[in-house]
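Here is the structure we will look at.
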Amino acid sequence: MKVADLHPWPKVAEEALAIQDRLRPLADLTSAGPQAVRTVAGLDVAYADDRLAAAVVVLDAETLAVVEEATALDRPGFPYVPGLFAFRELPALVDALRALSVTPDLLVCDGHGLAHPKRFGLACHLGVLTGLPSIGVGKTRLVGDYDEPGDERGAWSPVGDGGQEVGRALRTQTGVKPVFVSVGHRADLDTACAMTLRLAPRYRLPETTRRADHLSRETLRAR
DNA sequence: GCGACAG
DNA sequence: ATCTTGTCGC
């Protein structure tokens, strides 16, 4: 699929923050989620020494069967800084997406979207660059406060920050720690949570990110 | 000054 | 993210 050219890549935090400020207005945080989601893409990155491997796995949203996979190798071009995480993984993720022959209906990122200190996490950034609906599903909280959701699968509680609901702590499996869902681009929070639940019928994390996680690791091993 | 801090 | 043995449970 086609992805817009990346903006000049930042070298230091100051430049990265400026880019987030410039792109933030482009994120669509109010549209209803996509009406017909037939394919969903999961993205993840694995690290080893001074290398990293990005993987994208497209699944049939109905059967969760794999439709297509793509990977890309890269070197970390930016240090890990909470809040600027996207600048570390985006180049490789975009390369992997470009190698895809199909254009997925939704992107499921491992990390946050709106639930970010500047309201522009990886999911928002990737959504803006691709123009595709995207959501963020993180394993741990980055910002905000929340009450522990009920113990049953499907239970959730709002994650509030600065007086607004930036995401939700969603229990995808009974008795298991919740995941943190937030809007990225062109998708509403209800749809994001519904999709996350559909994608996680058996495990805590959605099949999309589980599949992408495995693929990124084996890509690294295969060198 | 003291914590908190996606992956 | 990654470094790592055993252990509890379905």
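Letters A, B, ... are given to chains in the order of the sequence lines, protein chains preceding strands, and every chain is numbered from 1.
For A/R141, the side-chain atoms get nearest to B/dC5 when compared with the rest of B/dC5, B/dA6, C/dA1. Relative to the side chain of A/H112, the nucleotides C/dT2, B/dG7, B/dA6 differ in distance, and B/dA6 lies closest. With B/dG7, B/dA6, B/dC5 as the candidates, the nucleotide lying closest to the side chain of A/D44 is B/dG7.
Atoms NE2 (A/H214) and P (C/dA1) sit 12 Å apart, rounded to a whole Å. Across the protein-nucleic acid pair, A/K118 atom NZ and B/dC5 atom P stand 17 Å apart, rounded to whole Å. Nucleotide C/dT2 holds its P atom 8 Å from the CG atom of A/L220, rounded to whole Å. Taking atom OH of A/Y47 as the reference point, atom C1' of B/dA6 lies 10 Å away to the nearest angstrom. Straight-line distance from the CG atom of A/L43 to the C1' atom of B/dA6: 15 Å, rounded to whole Å. Atom CG of A/D161 and atom C1' of B/dA6 are 14 Å apart (whole Å). Taking atom NZ of A/K139 as the reference point, atom P of B/dG7 lies 4 Å away to the nearest angstrom. Atom-to-atom, CG of A/L17 to P of B/dC5 comes out at 19 Å; the value is rounded to the nearest Å.
When only modelled atom types and interatomic distance are considered, A/Y80 and A/E89 share no side-chain donor-acceptor pair under 3.5 Å.
Look at A/T140 and you won't find any side-chain N or O under 4.0 angstrom from OP1 or OP2 of B/dC5.
Here A/G138 lies in heavy-atom contact (under 4.0 Å) with sugar-phosphate atoms only. The residue A/L93 sits apart from the nucleic acid: no heavy atom pair falls under 4.0 Å. Here A/G83 lies in heavy-atom contact (under 4.0 Å) with a base. Looking at heavy-atom distances under 4.0 Å, A/R202 makes no contact with the nucleic acid at all. Counting any heavy atom pair closer than 4.0 Å across all strands shown, A/A46 reaches sugar-phosphate atoms only and no base atom. Within 4.0 Å (heavy atoms only), A/L122 reaches at least one base atom of the nucleic acid.
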May I have the step-by-step check of side-chain contact (heavy atoms from CB on, under 4.5 Å) for A/F87 and A/Q20, ending in yes or no? CA-CA 10 Å; A/F87 294 93; A/Q20 292 186 326; 3.7 Å; yes

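Ring-base stacking between A/Y80 and B/dG7 is satisfied, the centre separation being under 5.5 Å and the plane angle under 30°.
For A/S182 against A/L114, the heavy-atom pair with the smallest separation is OG-N, 3.6 Å.
Taking the charged nitrogens against the carboxylate oxygens, A/R168 and A/D190 do have a contact shorter than 4.0 Å, which makes a salt bridge. Look at A/D213 and A/R210 and you find no salt bridge, because none of the NZ, NE, NH1 or NH2 atoms lies under 4.0 Å from a carboxylate O.
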